[in-house]
Peer 1: 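Structure below; questions to follow.
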Amino acid sequence: MTAPRFRFAPSPTGFFHVGGARTALWNWALAHSQGGTFVLRIEDTDEARNRPEWTQGIVDALAWIGIHADDPHFEGPYFQSQYADQHVAAAERLFAGGHAYYCDMTGADVEARNKAEGNQGYQGWSRDRGLGPGPGHVLRFRVPSGTTVVHDLVRGEVSFDNSLIEDFVLLRGNGNPMFLLANVVDDMTMDISHVVRAEEHLPNTPKQQMIWQALGHEPPVWAHVPVLVNESRKKLSKRRDKVALEMYRDEGFLSEAMVNYLMTLGWAPKGDEIQPWAGMQDDFRLEDVNHSPAFFDLKKLSAFNGEYIRRMTPAGFLAACRPWLLSDTAPFTADRFDEAVFLALAPVIQPRCTTLADAPGVIDFVFLADPVFDDEAWAKAIVAPNAVEVLRGTIAAWQDVAEWAADLLKVSFDDVAASHELKPGKAQAPVRIAVTGRTSGPPLYEPVEILGRDETLRRLRAAEARIG
RNA sequence: GCCCCCAUCGUCUAGUGGCCUAGGACACCACCCUUUCAAGGUGGCGGCACGGGUUCGAAUCCCGUUGGGGGUGCCA
C-alpha cells in the first residue's frame with residue numbers, strides 16, 4: 001500500500017482564510033499520522049500570477065500555524081498553471097474517447113433556446129452534431145446516464161442522478177481548461193489519494209468523479225468537511241467577516257491558540273479542549289468530523305488565547321509581546337521600555353491580556369514619563385470621600401517608609417486607609433490614579449516598588465497639585 | 001425552480017439503542033478569594049426542531065414536515 005497524499009489547494013486572494021486554515025490543519029494532521037504527504041498546490045489565477053506576494057502569504061500563513069515547508073511530510077508549493085499542457089491533453093483524450101464533444105453555442109444561445117422551450121440549463125443539444133474543435137467551440141463533457149455515487153469519508157454515500165447534471169464545459173471557447181477539469185488532472189498527475197476540502201465542493205464532486213472515471217482512473221478518497229459560518233449562519237466571506245488569518249496574527253493571537261481553537265470547530269479532541277498539537281494530530285480522524293457548519297466564535301477564540309497567554313513563561317511572553325511593546329502604536333516610546341522591568345511584572349500582566357496586543361496598555365504607566373489620565377476615572381476617584389486626605393497621607397507615609405519594598409508599602413498604606421476608617425481596597429483609588437492614570441489595573445505595590453520612591457512621590461505630588 | 005448537505009444548551013461540542021435525570025467548554029449570572037481590575041475556585045441558568053413509525057427501550061435507526069446552509073457559470 002502506497003503512502004496517502006493529501007492535497008491542499010487554496011486560491012490566493014491576498015489573504016489566507018481561517019476556514020482554509022482549518023482544512024489545511026486537518027490535511028496536515030492526517031498526512032503526519034498516516035505517514036503520508038501534505039501536497040500544497042496553489043490554484044494560481046491570472047491575477048495571482050502577477051502578485052507573487054499572495055502565494056508567499058499562503059506559505060507564511062501555513063508556517064505560522066506550524067505547517068512548515070521544510071517538513072519531510074510537506075511537498076510544494078506546486079502551481080496549477082504548471083500543468084496547463086496536461087489539462088489540454090486530458091481534454092483531447094476525453095474527446096477522442098467519446099466522453100466529450102464540441103459545441104458552438106454561446107451562453108446567449110443557450111439562454112434563448114431555453115426560454116423558447118421552457119427549459120433550464122444546457123440540454124446536450126450538440127451531442128450528436130459531430131463538431132470538432134474550432135474558434136468559439138467549447139468542449140463539453142458527455143454526462144452518462146445512471147447514478148453517480150460519491151463515497152465520502154465524512155458524509156457516507158451521496159448519490160446523484162446523472163440526468164440532472166448537465167453536460168458541463170471542460171474547455172472554453174478560447175481553449176482554456178475550466179477549473180473542474182484542471183483540478184482533476186492535477187490531482188491525477190500528482191497521485192493525490194485523498195481530497196479533503198470544504199463542503200461547498202460536494203455538488204461538483206460527481207462531475208469530477210465522472211472525469212476521473214472517463215480518464216480511466218479510480219477516483220480519490222473524498223472528504224467534504226463542513227464550512228465555517230458567521231453569526232447569521234452564512235458561509236464566512238471576505239466582505240462581511242474578519243476571515244484573514246493574518247489579521248488574527250497581527251492582532252496578537254497566538255498561533256497555538258488559533259490552531260487549538262480551529263481544531264475544535266467540527267471536531268473534538270478526546271479529553272480537554274485545550275490540548276497540544278501533537279496529541280490532536282494523532283487523534284484526528286475524518287470519520288469523527290461533524291456534519292454541520294460551525295460558528296467561528298471570536299469570544300471563545302479569545303478565551304483560548306488568554307488561556308495560552310497565561311500558560312507562557314515570562315520570557316516567552318516577553319518575546320511574543322516584543323513587536324507590540326516596541327511598536328509605534330505602543331503608548332510609550334521604545335527607548336523608555338525596559339525588558340527587565342517587563343519580565344519582572346509579566347506574571348501580573350499575563351492574566352490581564354486576552355491578546356498580546358493588550359500587553360502595552362496594561363503596564364504603560366511604568367514606561368511613561370507621566371501617566372495618561374482617564375478623565376472619567378479621575379473625576380470619580382477625586383470626589384470619593386477623603387480622597388485628597390488619603391493622597392496626602394500616603395505621601396507623608398511613603399516618603400518615610402524604611403525600606404522601599406512592595407509588602408512594606410502595602411502595610412504603610414493600609415495604616416493610612418485605617419486612619420480614615422476606609423477599607424484599603426476602596427481607599428486605594430486616588431493613589432492608583434495618581435500613579436497609573438486609571439482606577440483599575442495590575443496590583444499597585446509591585447509596579448510602585450519598581451518605579452522607585454522619587455518617581456512615585458513625584459507622581460503623587462503632581463496629582464495633588466492637579467486637584468488644585 | 002432544480003439538486004445536494006445539515007439539525008443536541010445562546011455558541012462550540014460529547015453522545016454510534018439501555019451507562020442520559022443528556023456530560024464538558026465559551027458566554028451569562030451569583031457567591032468565595034482579593035489590593036482595584038483581572039486571573040482562580042464553587043455554584044447556577046440553559047438543549048436533543050416538530051410529527052409519525054421501528055423497538056421491551058430512541059438524542060441515537062427509518063419516513064415525513066419545518067427550518068437553515070450550499071450548489072446550480074465559457075468563476076475558482
Side-chain angles (χ1 to χ4, degrees), chain A residues 9-13 43-45 47-48 80 103 105-107 110 120-122 136-140 150 152 154-155 158-161 164-166 168-180 182-183 198-207 224 226-227 229 231-235 261 264-274 287-288 290-304 306-307 309-310 347-354 358 362 377 381 406 409-410 413-414 417 423-429 431-433 436 438-446:
Chain A
S11 54
T13 51
E43 289 172 354
D44 51 337
T45 58
E47 188 182 11
Q80 181 155 75
C103 172
M105 290 175 75
T106 64
V110 172
Q120 225 162 8
Y122 181 78
H137 291 197
V138 297
L139 183 69
R140 285 182 181 272
V150 171
D152 190 288
V154 344
R155 275 149 222 286
V158 185
S159 57
F160 298 84
D161 182 350
L164 266 10
I165 299 174
E166 67 173 28
F168 53 95
V169 174
L170 259 15
L171 248 32
R172 297 193 182 86
N174 64 8
N176 288 147
M178 294 287 287
F179 140 92
L180 217 56
N183 240 277
E199 181 187 19
E200 63 212 71
H201 293 285
L202 185 54
N204 280 328
T205 307
K207 297 180 188 171
H224 290 87
V227 293
V229 297
E231 54 286 339
S232 40
R233 307 215 66 85
K234 296 267 200 303
K235 193 172 74 171
Y261 175 62
T264 68
L265 258 26
W267 179 76
K270 294 175 191 20
D272 291 342
E273 270 189 334
I274 305 268
E287 290 83 347
D288 297 333
N290 254 272
H291 295 184
S292 45
F295 170 53
F296 186 85
D297 187 358
L298 187 58
K299 280 220 180 108
K300 190 151 182 179
L301 203 214
S302 300
F304 271 52
E307 179 74 34
I309 285 180
R310 272 171 254 131
V348 303
I349 301 169
Q350 283 167 265
R352 271 159 265 261
C353 294
T354 58
D358 294 337
V362 174
L409 291 165
K410 172 175 165 36
F413 178 81
D414 288 353
K423 283 190 175 169
K426 280 260 190 231
Q428 205 187 68
V431 176
R432 176 175 284 280
I433 199 161
T436 73
R438 286 183 293 266
T439 47
S440 66
L444 230 205
Y445 309 112
E446 288 78 0

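Just so it is clear, the structure is predicted and the values come from calculations on it, not from any experiment.
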Peer 1: May I have the distance from A:Gln120 (atom CD) to B:rU72 (atom C1'), rounded to whole angstrom?
Peer 2: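 Going from CD in A:Gln120 over to C1' in B:rU72 covers 9 Å.
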
Peer 1: How far does CZ of A:Phe295 sit from CZ of A:Arg233, to the nearest 0.5 angstrom?
Peer 2: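 Here the rounded value is 8.5 Å.
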
Peer 1: Write down the distance between CZ (A:Phe304) and C1' (B:rA25), rounded to a whole number of angstrom.
Peer 2: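 Going from CZ in A:Phe304 over to C1' in B:rA25 covers 7 Å.
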
Peer 1: How long is the span from the NZ atom in A:Lys207 to the NE2 atom in A:His201, to the nearest 0.5 Å?
Peer 2: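 Atom-to-atom, A:Lys207:NZ and A:His201:NE2 are 12.5 Å apart.
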
Peer 1: Just so I know, are the side chains of A:Glu199 and A:Val154 near enough to count as touching, which here means a heavy-atom distance under 4.5 Å?
Peer 2: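 Answer no - side chains too far apart.
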
Peer 1: Given the side-chain rings of A:Tyr122 and A:Phe168, with only the six-membered ring counted for Trp, is the space between their centroids under 6.0 Å?
Peer 2: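 No, the ring of A:Tyr122 stays outside the 6.0 Å limit from the ring of A:Phe168, centre to centre.
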
Peer 1: Taking only the C1' atom of each, what is the distance from B:rG67 to B:rC50 in whole angstrom?
Peer 2: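 Rounded to whole Å, the distance is 10 Å.
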
Peer 1: Whole angstrom is fine here: how far is it from CZ in A:Phe296 over to C1' in B:rU13?
Peer 2: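 Atom CZ in A:Phe296 sits about 16 Å away from atom C1' in B:rU13.
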
Peer 1: Want to settle it: does A:Ser11 or A:Thr264 sit nearer the 5' end of RNA chain B, counting the closest nucleotide to each?
Peer 2: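 Whichever sits nearer the 5' end wins; that is A:Thr264.
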
Peer 1: Measuring from atom NZ of A:Lys410 to atom CD of A:Glu446, what distance do you get when rounded to the nearest 0.5 angstrom?
Peer 2: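 Rounded to the nearest 0.5 Å, the NZ-CD separation comes to 10.5 Å.
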
Peer 1: What's the CG-P distance between A:Leu170 and B:rC75, to the nearest Å?
Peer 2: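 From A:Leu170 CG to B:rC75 P: 13 Å.
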
Peer 1: Quote, to the nearest angstrom, the C1' distance that separates B:rA27 from B:rU11.
Peer 2: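 So the two C1' atoms sit 8 Å from each other.
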
Peer 1: Rounded to the nearest Å, what distance is computed from the CD1 atom of residue A:Ile165 to the P atom of nucleotide B:rG71?
Peer 2: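 So the CD1-P distance, A:Ile165 to B:rG71, works out to 16 Å.
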
Peer 1: Roughly how many Å apart are B:rG46 and B:rC28, using the C1' atom of each and rounding to a whole number?
Peer 2: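 B:rC28 and B:rG46 have their C1' atoms separated by 10 Å.
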
Peer 1: With rounding to the closest Å, how many angstrom separate the P atoms on B:rA30 and B:rC12?
Peer 2: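 After rounding to an integer number of Å, I get 26 Å for this pair.
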
Peer 1: Tell me which nucleotide, if any, is Watson-Crick or G-U wobble paired with B:rU66 when both distances must be under 3.5 Å.
Peer 2: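 Partner of B:rU66: B:rA7.
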
Peer 1: Going by purine N1 to pyrimidine N3 plus the second Watson-Crick contact, or the G-U wobble pair, all under 3.5 Å, which nucleotide sits opposite B:rU34?
Peer 2: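 By the stated definition (distances under 3.5 Å), nothing pairs with B:rU34.
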
Peer 1: Any side-chain N or O of A:Lys234 below 4.0 angstrom from OP1/OP2 of B:rG69?
Peer 2: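 Yes, because at least one side-chain N or O of A:Lys234 sits under 4.0 Å from OP1 or OP2 of B:rG69.
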
Peer 1: Tell me what A:Gln350 touches on the nucleic acid: a base, only sugar-phosphate, or nothing, going by heavy atoms under 4.0 Å.
Peer 2: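 Contact class for A:Gln350: none.
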
Peer 1: What is the distance, to the nearest angstrom, from the CG atom on A:Asn204 to the P atom on B:rG70?
Peer 2: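 So the two atoms are 15 Å apart, to the nearest Å.
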
Peer 1: What interatomic distance, in whole Å, is found between P of B:rG24 and the corresponding atom of B:rG41?
Peer 2: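 Roughly 15 Å separates the two P atoms.
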
Peer 1: Could you tell me the Watson-Crick or G-U partner of B:rA76, where both distances fall under 3.5 Å? Say none if there is no partner.
Peer 2: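 Base partner found: none.
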
Peer 1: With a non-hydrogen cut-off below 4.0 angstrom, is A:Gly136 in contact with a base, only sugar-phosphate, or nothing?
Peer 2: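 Base contact - A:Gly136 has a heavy atom under 4.0 Å of at least one base atom.
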
Peer 1: Nucleotides 6-11 of chain B: which of its N/O atoms have a protein N/O under 3.5 Å away?
Peer 2:
unit_1: B:rC6; atom_1: OP1; unit_2: A:His291; atom_2: ND1; d: 3.3

Peer 1: Let me have a per-nucleotide readout for nucleotides 30-45 of chain B, 5' to 3', with B, S or -, counting only protein heavy atoms under 4.0 Å.
Peer 2: -----BBBBSS-----

Peer 1: Hey, which sits more toward the 5' end of RNA chain B by its nearest nucleotide, A:Lys207 or A:Pro177?
Peer 2: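 It is A:Lys207, whose closest nucleotide lies nearer the 5' terminus.
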
Peer 1: What distance, rounded to whole Å, do you find between the two P atoms, one in B:rC9 and one in B:rG15?
Peer 2: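 Their P atoms lie roughly 16 Å apart.
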
Peer 1: Check whether any side-chain heavy atom of A:Met178 lies under 4.5 Å from a side-chain heavy atom of A:Arg172, and answer yes or no.
Peer 2: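 A:Met178 reaches A:Arg172 side chain to side chain.
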
Peer 1: Between B:rG68 and B:rA49, how far is it from one C1' atom to the other, in whole Å?
Peer 2: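 It comes out at 11 Å once rounded to the nearest Å.
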
Peer 1: To the nearest angstrom, how far is A:Lys235 atom NZ from B:rG68 atom P?
Peer 2: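 Value for this atom pair: 18 Å.
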
Peer 1: Taking atom C1' in both B:rA22 and B:rA39, compute the distance separating them and give it to the nearest angstrom.
Peer 2: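 Their C1' atoms lie roughly 31 Å apart.
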
